[in-house]
Amino acid sequence: MKQEITQLIEQALDALVAQGHLPDDTQPRVQIDRTRDKSHGDLASNIALTLAKAAGMKPRELATLICESLPASGLVAHTEIAGPGFINFFLSDSSNQAIVRTVLERGDSFGHSDTGAGRRVQVEFVSANPTGPLHVGHGRGAAVGDSICRLLAATGWEVASEFYYNDAGAQIDNLARSVQARCQGLEPDSTEWPEDGYRGDYIAEVARSYLAGDTIDAEDRHVTGAADADNLEAIRKFAVAYLRREQDLDLKAFGVHFDLYFLESSLYDSGAVETTVERLIANGHTYEQDGALWLRTTEFGDDKDRVMRKSDGGYTYFLPDVAYHLNKWQRGFKRVINEQGADHHSTVTRVRAGLQALEQGIPEGWPDYVLHQMVTVMRDGEEVKISKRAGSYVTLRDLIDEVGRDATRYFLVARGPSSQLTFDIDLALSQSNDNPVYYIQYAHARVCSIMRKLAQQGDTWTVDSGLGSLERLTEEHEKALLRRLDQFPEVVASAAAASEPHTVANYLRELAGEFHAWYNAHKTLVDDKPLRDARLALSEAVRQTIRNGLDLLGVSAPESM
RNA sequence: GGGGGUAUAGCUCAGUUGGAUAGAGCAACGGCCUUCUAAGCCGUGGGUCGAGGGUUCGAAUCCUUCUACCCCCGCCA
């Protein structure tokens with residue numbers, strides 16, 4: 001609709017240029033906004049305000065000229081000039097009502113578009129170390145990352161979701177030593193407990209399972225506990241498999257799927273890490289100091305140089321990270337989005353610097369990052385500190401069990417990634433009925449309920465009869481719903497472009513609110529059949545749109561509550 | 001000290017890449033169920049958009065200075 005109106009304005013401007021009212025070099029960017037206040041019509045343009053100076057006219061004067069030059073169109077009922085010089089467009093009823101047909105024809109794909117044109121995009125998220133269960137922060141990453149994937153797929157991108165699986169390095173050794181200590185009967189308070197060891201209770205459970213000789217069936221590995229407290233390597237393999245399985249189960253319960261688990265160890269096995277080091281050295285961006293090998297990341301905007309090979313010969317996490325992202329580039333992903341917690345912010349500059357130092361023609365700002373701010377968990381009115389090493393923990397699984405998957409996902413995705421999030425468990429539990437997700441789902445279920453009622457009465461309706469009498473939708477509540485439905489494709493497009501799924505959540509709250517208001521004000525199943533069928537068609541369009549929107553958030557659309 | 005983020009109603013947060021009188025939920029108060037599900041609706045009250053300055057037809061939004069809080073600044077990830 002915006003596009004059609006934009007074209008009308010452009011035609012009017014062309015005519016004014018031809019008549020000499022506007023300079024020949026007028027190259028306006030026509031901007032159309034939805035109005036906030038319905039007394040301002042449906043759409044508004046500020047074009048007269050932006051061109052007034054160049055035209056040497058007062059804005060309202062120019063606006064009048066533009067309105068007089070607008071080609072006739074069945075879309076527009078009338079225009080008004082308002083305020084300092086806005087042109088307000090009042091759309092005809094029939095053009096507003098047409099959205100119902102569009103929604104019902106497009107069905108599950110209403111709101112989808114093809115801006116991605118089949119281009120490939122890779123989205124990496126969660127990427128938690130296999131050193132403990134997933135916590136709320138990972139949950140936020142999972143909810144946001146998965147929703148971004150859904151948004152990109154809905155806008156025509158070919159999406160590859162990926163979990164970088166850190167199964168090598170110092171933290172894994174730390175994990176193995178912690179489990180071994182538990183196998184040996186040590187407690188975290190013991191003086192012999194490993195320095196920086198993981199203290200959580202789950203470590204004891206891993207040890208118990210290992211000593212019992214359990215077999216772990218994780219998605220990509222199957223390991224049986226050797227039950228030998230002295231075999232550190234066996235413990236390491238068992239512990240990684242155990243925690244991998246736990247994370248698999250957590251993500252499955254959360255409804256999050258990954259196309260690929262990329263193993264950090266594979267970068268060592270394939271020689272990619274070595275190759276990366278050699279290339280960085282050959283390119284002259286490194287130096288040795290204090291027995292370590294440093295990368296001159298300050299050449300690429302970092303505030304200090306970084307160690308890539310430690311004095312003990314091992315690599316820091318930074319180097320495999322660079323090798324991993326080179327691998328992504330080599331796989332042909334021109335667009336990559338990394339969704340991470342903001343506590344990992346410092347890696348952004350570092351990874352990009354490493355990629356520049358490789359001199360492979362990778363763009364400077366590649367890859368994209370979406371950083372979500374920290375999640376604070378409140379329980380019993382107090383903040384629960386999340387620390388794997390200290391052992392205090394609120395797992396994602398706990399939340400799903402207590403609060404429910406839909407509410408947990410909605411809660412974690414409904415805020416902008418850049419704002420901090422307080423997850424109050426007591427609130428989510430005690431007032432779960434007030435959770436916005438139920439409000440939205442209820443709107444969906446209500447439409448289903450109306451349809452059931454219709455069937456109970458032995459009545460039927462057809463989409464065609466509904467679409468044939470859309471002109472009966474004349475109530476203010478109905479007009480508001482029509483406008484809202486028309487907005488959905490833009491909401492999806494901008495949410496996808498900006499990697500901001502929360503705007504979809506906000507939209508659904510508005511749509512559901514307007515539906516509930518309409519439902520209470522006007523009965524759908526009235527005796528007047530044409531009116532009834534028109535309202536059923538509108539109800540069905542609302543239901544379809546809510547369903548599509550919830551799907552983008554990974555939240556279910558129940559048929560009854 | 002440096003980098004990033006945030007600051008909007010009592011609380012939790014929106015605010016469509018500069019638009020018209022800044023919104024919603026919760027909390028408070030008052031109404032609505034013999035009528036398609038009351039997990040709902042209607043109404044009332046509630047604001048120096050952290051503070052100062054700047055840019056322009058127009059600023060919660062952009063620039064600048066300051067203040068407060070969160071995160072990071074490791075040869076951990």
Asker: Taking the P atom of each, how far is B:rG52 from B:rA9, in whole Å?
Answerer: 16 Å
Asker: Listed by chain and number, what are the side-chain contact (heavy atoms from CB on, under 4.5 Å) partners of A:Asn548, not counting sequence neighbours?
Answerer: A:Asp108, A:Phe110, A:Phe488, A:Gln544
Asker: Has the side chain of A:Asn46 got a donor or acceptor that lies under 3.5 Å from a partner of the other kind on the base of B:rA20?
Answerer: no
Asker: Rounded to the nearest 0.5 Å, how far does OG1 of A:Thr79 lie from CD1 of A:Ile66?
Answerer: 10.5 Å
Asker: Specify whether A:Phe300 and A:His285 have parallel, tilted or perpendicular ring planes, treating 30° as the upper limit for parallel and 60° as the lower limit for perpendicular.
Answerer: perpendicular
Asker: Between B:rU34 and B:rC26, how far apart are the P atoms? Round to whole Å, please.
Answerer: 24 Å
Asker: For B:rC13 and B:rA27, measure between their C1' atoms and round to the nearest Å.
Answerer: 14 Å
Asker: What's the closest nucleotide to the side chain of A:Arg446 if the choices are B:rG19, B:rC75, B:rG40?
Answerer: B:rG40
Asker: Taking the side chain of A:Leu49 as its heavy atoms from C-beta onward, which of B:rC13, B:rA38, B:rG19 lies nearest to it?
Answerer: B:rG19
Asker: Please work out the stems of RNA chain B from pairs that are Watson-Crick or G-U wobble with both distances under 3.5 Å, keeping only runs of three or more consecutive pairs.
Answerer: B:1-7 with B:67-73, B:10-13 with B:23-26, B:28-32 with B:40-44, B:50-54 with B:62-66
Asker: Tell me which nucleotide among B:rC41, B:rU56, B:rG5 gets nearest to the side chain of A:Gln420.
Answerer: B:rG5
Asker: Which nucleotide, B:rG15, B:rA38, B:rC71, lies nearest any side-chain atom of A:Tyr519?
Answerer: B:rA38
Asker: Could you check if the base of B:rC33 is syn or anti? Syn means the glycosidic torsion is within 90 degrees of 0.
Answerer: syn
Asker: When you compare B:rG23 with B:rU48, how far apart are their P atoms, in angstrom units rounded to a whole number?
Answerer: 15 Å
Asker: Would one find a side-chain N or O of A:Ser494 under 4.0 angstrom from OP1 or OP2 of B:rU16?
Answerer: no
Asker: OP1 or OP2 of B:rA20 less than 4.0 angstrom from a side-chain nitrogen or oxygen of A:Arg36, does that happen here?
Answerer: yes
Asker: What nucleotide among B:rC42, B:rG40, B:rC76 has an atom nearest to a side-chain atom of A:Ala517?
Answerer: B:rC42
Asker: Looking only at side-chain N and O atoms, does A:Lys304 come under 4.0 Å of OP1 or OP2 in B:rC73?
Answerer: no
Asker: Indicate, with yes or no, if the rings of A:Phe262 and A:Tyr165 have centres closer together than 6.0 Å.
Answerer: no
Asker: Mind telling me whether A:Phe411 and A:Phe423 have parallel, tilted or perpendicular rings, with 30° and 60° as the class edges?
Answerer: tilted
Asker: Any side-chain N or O of A:Arg532 below 4.0 angstrom from OP1/OP2 of B:rC36?
Answerer: no
Asker: Determine whether a donor-acceptor pair (one donor, one acceptor, N or O, separation below 3.5 Å) exists between the side chain of A:Ser311 and the base of B:rC75.
Answerer: yes
Asker: Quick check on contacts: within residues 55-63 of chain A, what sits under 4.0 Å from RNA chain B by heavy-atom distance?
Answerer: none
Asker: Do the side-chain N or O atoms of A:Tyr369 get closer than 4.0 angstrom to the phosphate oxygens (OP1, OP2) of B:rG5?
Answerer: no
